[in-house]
2 protein chains.
Amino acid sequence: MDTSPATSDWLRLDQQICFSLNAASRAFGSVYRVILKDLGITYPQYLVMLVLWEHGDLPVKKLGEHLRLDSGTLSPLLKRLETAGLVRRERSARDERSVEVRLTEEGVALRERAERVPRRIAAATGFDVDEISALRARLDELTSALDAAVHTELPAEHRES
Amino acid sequence: MDTSPATSDWLRLDQQICFSLNAASRAFGSVYRVILKDLGITYPQYLVMLVLWEHGDLPVKKLGEHLRLDSGTLSPLLKRLETAGLVRRERSARDERSVEVRLTEEGVALRERAERVPRRIAAATGFDVDEISALRARLDELTSALDAAVHTELPAEHRES
DNA sequence: CACAATTCAATTGCGCACAACTAAATGGCT
DNA sequence: AGCCATTTAGTTGTGCGCAATTGAATTGTG
């Protein structure tokens, strides 16, 4: 058709970036799975703990904003963290819609054991701090561009079956 | 304790790279979700189709090697593609353990409609070809390093509860 | 040939991600 | 005050990813 030379090359290129991204993300998952086994939590649960350690107790909503996750993901995850004794959930007194997620003493205590995790991860990547920063910056650009694309270019064809 | 200066900075840095990776991967997912809606398949299903379009009919095993996925993921996914009429699964005659995944005519035909996808994705990223290649190369390095780490450094503590 | 080890796909079970929906509480508006 | 839109969590349903197990077929070895 009116497309550029080798159309099948495009089908390959495209796979490259997103597939590579995906593969890297899953490879990280494997490493975290092993390292976090000691702590008895999964990687997404670890992310929640990181946010709570950094910002203190937060309502589910705020937690979701930090992590780009909604209640459909967070509700069951937080329930598991509560079962594990790391977190408590209490309906806010001043706004009954909101649920405050609070660290228990065990949750706070876990931080100490978690502090060795980042270095082990960094070691596993074999990248130095600057390389990691550069890559991270690039990925964040990408994410921004993609987010923008979802909300601008694409809704053009919102109307269909 | 005996750790370096700002321990909590490490807890942040670490989140950066993997979280950024994760976020980018999910952002891609959103874009693909919208673009692939026309084709009636998900992104992982699209990846399977890409491999089949490029390499022709393949046993599940080979498919898994290309995609780094095992039968636990592929079996149900392929069943859905079969239900959608894009693929057939037939036990190999020469090795009854193996299942050949074959494109149906519809599966082959879908390729034409898929050929516009990569350009739309590329446009959504806002990156040019060189930038994408560079990033991809970096991510593949990272994946290799992480894979190696899982199989060398970590099995040291294979023995536990 | 017989038997053990390996290979391959499928299944089960768990957790995450996300869309769509529900239910309750809140805030704004008349 | 009364009503309605919005906000906030939770629930349901679907699909992916992975560990662990199962069962059948194949290969290797004595």
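Listed nucleotides dA9(C), dG17(D), dG10(D) differ in distance to Ser71(B); the shortest reach to its side chain belongs to dA9(C). Distance from the side chain of Arg97(B) is smallest to dT6(C) among dG15(C), dA17(C), dT6(C). Among the nucleotides dC8(C), dA19(C), dA9(D), the one closest to the side chain of Arg33(B) is dA19(C). If you check dA25(C), dC18(D), dG15(D) against the side chain of Glu96(A), the one that comes closest is dA25(C). Comparing dC18(D), dG15(C), dA9(D) by their nearest atom to the side chain of Arg91(A) picks out dA9(D). Which of dC18(D), dA9(C), dT11(C) sits closest to the side chain of Leu69(B) comes down to dC18(D).
Heavy-atom distances to DNA chain D give each of Ser75(A) and Pro44(B) a nearest nucleotide, and the one nearer the 5′ end belongs to Ser75(A).
Residue contacts shown for Leu77(B) are limited to sugar-phosphate atoms, with no base heavy atom under 4.0 Å away. Nucleic acid contact class of Thr42(B) (heavy atoms, under 4.0 Å, all strands): sugar-phosphate only.
A salt bridge does not link Glu82(A) with Lys79(A): every distance from a Lys NZ or Arg NE/NH1/NH2 to an Asp or Glu carboxylate oxygen is 4.0 Å or more.
Taking atom CG of residue Asp95(A) and atom C1' of nucleotide dT6(D), one finds them 12 Å apart after rounding to whole Å. A straight line from CZ of Arg89(A) to C1' of dG10(D) spans 9 Å, rounded to a whole angstrom. Per the geometry, CZ belonging to Arg26(A) stands 15 Å off C1' belonging to dA19(D), to the nearest Å.
A perpendicular orientation is assigned to the rings of Tyr46(A) and Trp53(A), their planes being inclined by more than 60° (bins at 30° and 60°).
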